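Here the structure comes first, spelled out in structure tokens, and everything after it is commentary.
All heavy atoms count here, side chains included; hydrogens, waters and symmetry mates do not. All of these numbers come straight from a predicted model, not from anything done at the bench. Chain letters run A, B, ... following the sequence lines, proteins first, then strands; residues in each count from 1.
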Protein chains: 2
Amino acid sequence: MSKGEATRERIIDRAFLIAGRDGLEGLTIGALATELKLSKSGLFSHFGSKEELQVAVLDVASSRFTERVMLPAFKAPRGLPRLERIFEGWIDWMTDSKMPGGCIFQQANAELDDRQGRPHDVLLESQKNLVEALTKTVQLAITEGHFAKNADARQIAYEFEGIMMVMNLYLRLLKDRKAVDRARMAFKRLVQSNAA
Amino acid sequence: MSKGEATRERIIDRAFLIAGRDGLEGLTIGALATELKLSKSGLFSHFGSKEELQVAVLDVASSRFTERVMLPAFKAPRGLPRLERIFEGWIDWMTDSKMPGGCIFQQANAELDDRQGRPHDVLLESQKNLVEALTKTVQLAITEGHFAKNADARQIAYEFEGIMMVMNLYLRLLKDRKAVDRARMAFKRLVQSNAA
DNA sequence: GGAAAATAAGAACGGTCGTTCGAAAGTGCA
DNA sequence: TGCACTTTCGAACGACCGTTCTTATTTTCC
């Protein structure tokens, strides 16, 4: 790996954390450069525009989510066990103390949802992929007989994501100790009421 | 009402819309003044600081939510009918075409969750009130016999809010035509699986 | 080791940010 | 009408924004 690539990764790594706390807009090149002991222009030249920096952050965010939440779950047997692994992995992701700013997707969703441009498109793409991956996992749980044959995979994926989102709210803003427990209860109910 | 108060309301009214689209940070005094054909300093003098403007926006947001979602629901009989009215009112709130930027609370939650200062405190307070109001409504549905005696009111309020949050995601970012239908299905399941 | 290429720094740009201040204009009551 | 008070404006502030250049330094490879 060349020096330039290494620096670029170091930049994105830090930018990822800041964006989780302050959002993709609150992430500024000057502040980022100061934290990394780089010059503004030196940092800037790695991306060419702030938008490209934001895109790079979103890209690394989704690949990290995939590798830390989705991929490990594929080691579990398909169907419900795999869905449970995604659920627990997602909890770990959201409570990760190395991500003090919280889940970057929650930030980005709120920030980019009704905007346009590359960052929006990249986020939308990754969220669509996530929904599809979740839906497929649920669909497998149906064909495996863990869920009722007439269960609605997309609906279950939808409600699943709702649980993760409200968990984040209770964790971050309300600082509720029971945030995770309640998420587990909600998940259990989701599974049970769709059981075969 | 004095001239000053009238202007102040006009400012907050517009600020409310902008903050829903661009966030409380993206809401800038210069742009707001231009839109309202006021001078920056003239607008500024109504609040004394940007933070106070943000607080004013959050205040008006929660009072509007109360008056448009919660209060009308209290005309319905207590218990499940009232909860259903809240649910439908909340859907109207989130799909309101006069709020093109979407629900301001979703923006503010992501933006302020791990910050400090008055805006954070005001938001936290209003979200706590909301959770309490929801919980009480559910509790009444339990005592009225609409929900099982051993149902967990706080848990139901938690899951209820999760449905609203994911609905917002599907509406705003994913632009899914079925966003509202799926929310209704999720709500129906929430009610049924806690029925007496 | 030295040339070529990649990477970083420095200074400056036009803009916009929130904020301050003093003067101007408008308002409402005696 | 005159006067106190409220409301608005205009100009300016230092700070920071993203971005553009040119120059210096470092890395890479023959």
Side chains of A:Arg82 and A:Thr137: do they bring a donor and an acceptor to under 3.5 Å?
-> no

Going by atom types only, do B:Thr135 and B:Arg154 share a side-chain donor-acceptor pair under 3.5 Å?
-> no

Whole-Å distance separating the [atom1] atom of [X] from the [atom2] atom of [N]:
{"X": "A:Leu32", "N": "D:dC16", "atom1": "CG", "atom2": "C1'", "answer": "15 Å"}
{"X": "A:Leu38", "N": "D:dT26", "atom1": "CG", "atom2": "P", "answer": "14 Å"}
{"X": "A:Arg8", "N": "C:dA6", "atom1": "CZ", "atom2": "P", "answer": "16 Å"}
{"X": "B:Lys3", "N": "D:dC5", "atom1": "NZ", "atom2": "P", "answer": "19 Å"}
{"X": "A:Ile11", "N": "C:dT7", "atom1": "CD1", "atom2": "P", "answer": "11 Å"}
{"X": "B:Glu5", "N": "C:dT27", "atom1": "CD", "atom2": "P", "answer": "15 Å"}
{"X": "A:Met1", "N": "C:dT7", "atom1": "CE", "atom2": "P", "answer": "12 Å"}
{"X": "B:Glu52", "N": "C:dG18", "atom1": "CD", "atom2": "P", "answer": "15 Å"}

Look at all strands and tell whether B:Leu43 reaches a base, only sugar-phosphate, or nothing, counting heavy atoms closer than 4.0 Å.
-> nothing

Quick one: which of [options] gets closest to the side chain of [X]?
{"X": "A:Ser41", "options": "D:dC21, C:dT19, C:dA8", "answer": "D:dC21"}
{"X": "A:Ser2", "options": "C:dA9, C:dT7, D:dT8", "answer": "C:dT7"}
{"X": "B:Phe44", "options": "C:dG18, D:dT8, D:dC17", "answer": "C:dG18"}
{"X": "B:Lys50", "options": "D:dT8, C:dG18, D:dT19", "answer": "C:dG18"}

Going by heavy atoms closer than 4.0 Å, what residues in residues 18-29 of chain A are next to DNA chain D?
-> A:Leu27, A:Thr28, A:Ile29

Hey, are A:Glu88 and A:Arg184 close enough for a salt bridge, meaning a charged N less than 4.0 Å from a carboxylate O?
->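 Looking at A:Glu88 and A:Arg184, the cut-off is met.
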
With distance as the sole test, does B:Glu51 use its side chain to make a donor-acceptor pair with the main-chain N or O of B:Gly117 at under 3.5 Å?
->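 No.
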
Relative to the 5' end of DNA chain C, which residue comes earlier, B:Ser49 or A:Ser45, by the nucleotide with the nearest heavy atom?
->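 Looking at DNA chain C, the more 5' nearest nucleotide goes with A:Ser45.
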
Under 4.0 Å: is that the gap between some side-chain N or O of A:His46 and OP1 or OP2 of C:dA8?
-> yes

Answer with yes or no whether B:Lys40 presents, from its side chain, a donor or acceptor under 3.5 Å of a partner atom in the base of C:dG18.
-> yes

Decide yes or no, distance alone: a donor-acceptor N/O pair under 3.5 angstrom between the base of D:dG10 and the side-chain of B:Ser39.
-> no

CD1 on A:Ile18 to CG on A:Leu32, rounded to 0.5 Å |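 Here the rounded value is 5.0 Å.
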
Could you grab the distance from atom NZ of B:Lys175 to atom OH of B:Tyr170, nearest 0.5 Å is fine?
->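 The OH atom of B:Tyr170 is 14.5 Å from NZ of B:Lys175, to the nearest 0.5 Å.
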
Would you call the rings of B:Phe160 and B:Trp90 parallel, tilted or perpendicular, where under 30° means parallel and over 60° means perpendicular?
-> tilted

